[in-house]
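Working notes, beginning with the structure itself.
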Amino acid sequence: MSDYLGIPVSTLYDWRTRDYGPPAKRVGKYLRYKAEDVTAWFESLDNEVA
């Protein structure tokens, strides 16, 4: 997902601690995302811009 969004992996972990970003599941020490959740979250950002 970091490649898709063009952000560092550490940013994803930071977002998770701040309850921001798409929903993720922890698998061991890694976060995993459903592609459709990432797409839906990303598309929803357009609606938040005023």
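If you read the sequence from its start, that first residue is 1, and numbering goes on from there. FYI, side chains are in, hydrogens and waters are out, and symmetry mates aren't considered; it's all heavy atoms of this structure.
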*Would Val27 and Val38 show up in the same hydrophobic cluster when neighbours are defined by side-chain heavy atoms closer than 4.5 Å?*
no
Kindly list each side-chain donor-acceptor pair under 3.5 angstrom involving residues 3-15, sequence neighbours excluded, with atom names and distances?
from, atom 1, to, atom 2, distance (Å)
Tyr13, OH, Lys29, O, 3.3
Tyr13, OH, Leu31, N, 3.4
Asp14, OD1, Arg18, NE, 3.0
Asp14, OD1, Arg18, NH2, 3.4
Asp14, OD2, Arg18, NE, 3.0

_Donor-acceptor check, side chain of Arg16 to backbone of Ala24, threshold 3.5 angstrom: yes or no?_
yes
_Non-neighbouring partners of Glu43 that pass side chain to side chain contact (heavy atoms under 4.5 Å, CB included), sequence neighbours left out_ = Thr39, Asp46
_salt bridge (charged side-chain N to carboxylate O under 4.0 Å, His left out) involving Asp37 - partner list, sequence neighbours excluded_ = none
*Would you say Pro22 and Lys34 make side-chain contact, with heavy atoms under 4.5 Å?*
no
